[in-house]
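Notes follow once the structure below has been shown.
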Amino acid sequence: AHLSPEARSLAEVGATLGRQFAFDVLVAASSHAGDSTAKDVLVRALDELWQRRIVRQSSATDYDFAHDKIRHVVYDGLSPVRRRHLHQRVAHALVEVHGDNPDAPSGQIARHYERGGLQRQAIDHYRRAAAVARRIYANEEAIGIYRYLLDSELSAALRDDEACAIMLELGGVWQLTGDWPAAQRIYKRALAMAEAADNRAMCARCHFSLGNLVRQQGAYDDALEWLSMARDGFES
């Protein structure tokens with residue numbers, strides 16, 4: 001309550017970022033960060049937070065709150081409108097700072113976009129995060145992200161072809177990990193959606209996924225049937 005307006009505003013940005021936050025992201029998420037005068041104000045505000053032991057320096061470039069309860073007090077004091085606005089600013093800042101390597105913080109960016117009410121951007125970054133998890137064989141993490149996209153409120157913002165693609169990607173992870181029944185169920189669910197939308201290309205992708213799955217199980221006649229439908233679909 002006794003902080004200067006600048007320090008309080010900075011604390012709100014930090015609380016939105018999380019308990020630990022990098023200085024460059026903090027700068028990018030702050031208003032008028034490109035202005036050298038404004039950056040001086042930001043440094044003074046950060047120094048005030050440090051002097052009052054609200055934040056502490058955890059590394060050469062990173063800070064965190066002295067206690068997580070302090071962060072909760074600051075964050076819980078934000079109005080819903082202010083909170084959404086700050087999450088949007090933080091997401092944009094993370095994209096700006098990690099422009100050369102956006103894959104690494106993609107999950108974090110997605111969460112901020114979601115909490116900022118920007119569902120389209122959140123979906124794109126969640127899918128990127130899932131792809132990153134698959135590349136490093138963090139299969140359970142990828143499964144969790146895909147299921148969240150399909151089961152959370154974000155599912156209402158998914159296009160039919162997008163939802164089908166996510167189902168196929170989820171099925172691919174289940175197939176890789178040996179959960180063949182789950183893979184088959186999600187492939188058939190994707191196929192039903194693709195057929196309802198009369199999306200021939202997506203139907204062909206579903207046929208291919210089902211054919212590949214049953215081939216892996218040794219059911220070669222069934223595999224040939226599914227893959228023939230996939231071939232015909234892709235040709236058309």
Side-chain angles (χ1 to χ4, degrees), residues 15-21 25 29 68 71-72 75-76 78 80-81 83-98 101-197 199 202-203 205-206 208-210 212-213:
T16 305
L17 274 163
R19 183 171 176 182
Q20 187 171 27
F21 45 88
V25 178
D68 205 38
R71 186 186 74 83
H72 283 299
Y75 187 77
D76 291 345
L78 297 172
V81 173
R83 191 175 295 173
R84 285 196 301 272
H85 175 65
L86 288 179
H87 277 295
Q88 291 178 17
R89 276 170 48 183
V90 166
H92 293 325
L94 288 167
V95 170
E96 177 185 335
V97 170
H98 296 280
N101 182 26
D103 287 348
S106 51
Q108 185 182 6
I109 293 169
R111 287 189 293 274
H112 284 296
Y113 272 133
E114 182 182 6
R115 292 169 186 171
L118 300 179
Q119 293 183 321
R120 183 73 265 150
Q121 292 91 328
I123 289 168
D124 292 343
H125 281 85
Y126 273 128
R127 292 189 68 185
R128 174 175 282 179
V132 171
R134 291 181 69 179
R135 283 203 300 269
I136 61 174
Y137 299 100
N139 295 316
E140 290 304 316
E141 181 180 346
I143 289 170
I145 295 171
Y146 287 135
R147 295 188 70 173
Y148 181 75
L149 283 169
L150 294 171
D151 298 336
S152 70
E153 293 180 1
L154 289 175
S155 63
L158 293 172
R159 303 184 305 270
D160 287 344
D161 62 328
E162 198 171 38
C164 286
I166 291 170
M167 291 178 198
L168 295 183
E169 290 162 6
L170 172 57
V173 183
W174 273 329
Q175 186 174 341
L176 179 67
T177 57
D179 194 345
W180 292 344
Q184 187 170 44
R185 286 194 298 271
I186 201 71
Y187 288 155
K188 289 187 174 180
R189 179 180 163 190
L191 177 59
M193 179 175 284
E195 289 174 339
N199 187 327
M202 188 56 68
C203 284
R205 288 186 59 189
C206 295
F208 177 80
S209 295
L210 283 161
N212 189 41
L213 175 64

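Source: prediction; values computed, not measured.
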So OG of S155 and CD1 of I166: to nearest 0.5 Å the spacing works out to 9.5 Å
Looking at every heavy atom in both I109 and A91, which two are closest together, and how far apart are they?
O-CB, 4.1 Å
Can you tell me how far OG of S209 sits from NZ of K188, rounded to the nearest 0.5 angstrom?
13.5 Å
Student check: side-chain heavy atoms of M167 and M193 closer than 4.5 Å:
yes
d(L176 CG, I143 CD1) to nearest 0.5 Å is 9.0 Å
Kindly indicate whether the side chain of D160, heavy atoms from C-beta on, has any atom under 4.5 Å from the side chain of N199.
no
When every non-hydrogen atom of L168 is compared with those of A190, the smallest separation belongs to CD2-CB, 4.0 Å
Flag side-chain contact, heavy atom, 4.5 Å: E114 against Y148
yes
Within-4.5 Å side-chain heavy-atom neighbours: R115 and V90
no
R89 side chain vs A29 backbone, donor-acceptor pair below 3.5 Å
yes
Measuring from D103:CG to I136:CD1, what's the distance to the nearest 0.5 Å?
10.5 Å
Least distance between heavy atoms, D161 atom then M202 atom
O-CE, 3.4 Å
Please work out whether the ring planes of H87 and Y75 are parallel, tilted or perpendicular, with thresholds of 30° and 60°.
perpendicular
Shortest non-hydrogen separation from A142 to A130 and the atoms involved
CB-O, 3.9 Å
With a 4.5 Å limit on heavy-atom distance, are the side chains of E141 and V132 in contact?
no
Taking the side chain as C-beta and beyond, is there a heavy-atom pair between L86 and H112 under 4.5 Å?
no
Shortest non-hydrogen contact from A15 toward R71:
O-NH1, 3.1 Å
How many angstroms lie between atom CZ of R134 and atom CD1 of I145, to the nearest 0.5 angstrom?
11.0 Å
Can you list everything that forms a side chain to side chain donor-acceptor pair (under 3.5 Å) with H98? Sequence neighbours excluded, please.
none
Quick check: are there more than 12 heavy atoms from other residues, nucleotides or ligands sitting under 6.0 Å from CZ of R120?
yes
Any donor and acceptor pair, going by atom type alone, linking the side chain of Q88 with main-chain N or O of G116 inside 3.5 Å?
yes
Pairwise side chain to side chain donor-acceptor pair (under 3.5 Å) hits with a residue in residues 167-183, at least two apart:
R127-E169, Y146-E169, Q175-Y187, Q175-Q216
Could you check whether any side-chain heavy atom of L78 comes within less than 4.5 Å of a side-chain heavy atom of T16, counting everything from C-beta outward?
yes
So V95 and H125, side-chain contact (heavy atoms from CB on, under 4.5 Å) or not? Walk me through it.
CA-CA 10 Å; V95 170; H125 281 85; 4.1 Å; yes
Please report the C-alpha distance between H92 and Y113 in whole Å, then the side-chain angles of each, then the deciding distance to 0.1 Å, and finally whether the side-chain contact (heavy atoms from CB on, under 4.5 Å) criterion is met.
CA-CA 8 Å; H92 293 325; Y113 272 133; 3.1 Å; yes
List the atom of C164, the atom of A194, and the distance in Å for their closest heavy-atom pair.
SG-N, 3.7 Å
